[in-house]
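In what follows, a structure is listed as structure tokens, so that the remarks can point back to it.
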Amino acid sequence: MKYAPRLPRKFYRQDTLHVARHILGQRLVHLEAGGERLVGIISEAEAYVGSEDLACHARVGRTQRNATMWGEAGHAYVYFTYGMHWMLNLVTERAGYPAAVLLRAVIPAEGVERMRKRRVGRPDAQLTDGPAKLCQAFGVDRQFDGHDLCGPAAVLFIERGVMITDQSVTSGPRVGLNTVAEPWKSMPWRFCITRSFAKQLQEEIGS
DNA sequence: AGCACGATTAACT
DNA sequence: GTTAATCGTGCTC
């Protein structure tokens, strides 16, 4: 069995908005310790760009929690919020500049049984359709903060997937920024695959 | 040492 | 539509 190539570090070094837009259609992969291979096609992502962006964790400066965002591109920034949820981000741009892309949803493609086990009682459509849900389904938590997605030992990384044309992408304001000041609250830095194209992808996976 | 809150979710009305 | 759950984090005292 031959797998698609993994996205190289130079991909993550690009402008964060570009990465957020072009991560759509790529494949999030977790090679579990037990040998299981989990894959999801990325269908929604958001950009968080620098200390000036008042929605970005970097707004408070560098802390122990957000330090990974200041590091080299191509690493995972995983943080804990709301007392119970983990969030997975991909660090972007140059080292020393804090920016990342939040993965908000994927379409399950491989290892669905494992995801169902981690998300007991949920219908398949709700296995990975939220940033905390996909972390739960993929078993992503604190231990992956700082994980090198591009290193030879990576067990969490992004594989090349399908190209998504502009007509199959929507963008809009980021989600959950209730107390964030303008203009940051309304910047259209959230990117989604359209419903119809997502449906098409799901049918291809199912067949 | 104490406190308010969050890049959410699930279960309500 | 609203709200409780639940705790690490960063800020204040």
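Chain letters run A, B, ... following the sequence lines, proteins first and then strands; every chain starts at 1.
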[X]: side-chain hydrogen bond (donor to acceptor under 3.5 Å, both in side chains) partners, not counting sequence neighbours:
X        : value
A:Ser43  : none
A:Glu182 : A:Ser186
A:Ser171 : none

Pick one: which of A:Val101, A:Leu7, A:Val91 meets side-chain contact (heavy atoms from CB on, under 4.5 Å) with A:Val19? A:Val101

How far, in whole Å, is C:dT3 from B:dC5 if one measures between their P atoms? 16 Å

Spacing of [X] atom [atom1] relative to [N] atom [atom2], expressed in whole Å:
X        : N     : atom1 : atom2 : value
A:Trp86  : B:dG6 : CH2   : P     : 19 Å
A:Tyr48  : B:dA7 : OH    : P     : 7 Å
A:Tyr77  : B:dA7 : OH    : C1'   : 9 Å
A:Asp145 : B:dA7 : CG    : P     : 15 Å
A:Leu90  : B:dA7 : CG    : P     : 17 Å

Can you name the residues that form a side chain to side chain contact (heavy atoms under 4.5 Å, CB included) with [X], not counting sequence neighbours?
X        : value
A:Thr81  : A:Arg65, A:Tyr79, A:His85, A:Met87
A:Val169 : A:Arg21, A:Leu24, A:Ile164, A:Phe191
A:Val78  : A:Ala76, A:Trp86, A:Leu88, A:Val140, A:Phe144, A:Asp145
A:Ala55  : A:Tyr48, A:Asp53, A:Arg174, A:Leu177, A:Val180

Within 45° of the six-membered ring axis of A:Tyr3 and under 6.0 Å from that ring's centre, is NZ or CZ of A:Arg27 located there? no

What pairs with A:Phe11 under ring pair (Phe, Tyr, Trp, His ring centres under 6.0 Å), at least two apart in sequence or on another chain? none

If you define the side chain from C-beta out and look only at heavy atoms, does anything of A:Arg9 sit under 4.5 Å from A:Glu72? yes

Just how far is it from atom OG1 of A:Thr68 to atom NE2 of A:His75, taken to the nearest 0.5 Å? 9.0 Å

Reading 5' to 3' through nucleotides 3-13 of chain C, protein heavy-atom contacts under 4.0 Å coded B for base, S for sugar-phosphate only, - for none: --BBBSSSS--

Distances for protein N/O vs nucleotides 10-13 of chain B N/O pairs under 3.5 angstrom?
residue : atom : partner  : partner atom : Å
B:dA10  : OP1  : A:Arg119 : NH1          : 2.9
B:dA10  : OP1  : A:Arg119 : NH2          : 2.9
B:dA10  : OP2  : A:Lys133 : NZ           : 3.3

Taking pairs as Watson-Crick (N1-N3 plus N6-O4 or O6-N4) or G-U wobble (N1-O2 and O6-N3), each distance under 3.5 Å, the stems of three or more consecutive pairs with DNA chain B are B:1-6 with C:7-12, B:8-12 with C:1-5

Checking A:Glu32 against A:Lys117 for the salt bridge (charged side-chain N to carboxylate O under 4.0 Å, His left out) test, could you report, in this order, the C-alpha distance in whole Å, the side-chain angles of both residues, the deciding distance, and whether it holds? CA-CA 14 Å; A:Glu32 294 196 12; A:Lys117 259 186 173 164; over 6 Å; no

For residues 171-189 of chain A, which residues have at least one heavy atom under 4.0 Å from DNA chain B? A:Val175, A:Gly176, A:Leu177, A:Thr179

Which part of the nucleic acid does A:Ala55 contact within heavy-atom distance under 4.0 Å: base, sugar-phosphate only, or nothing? base

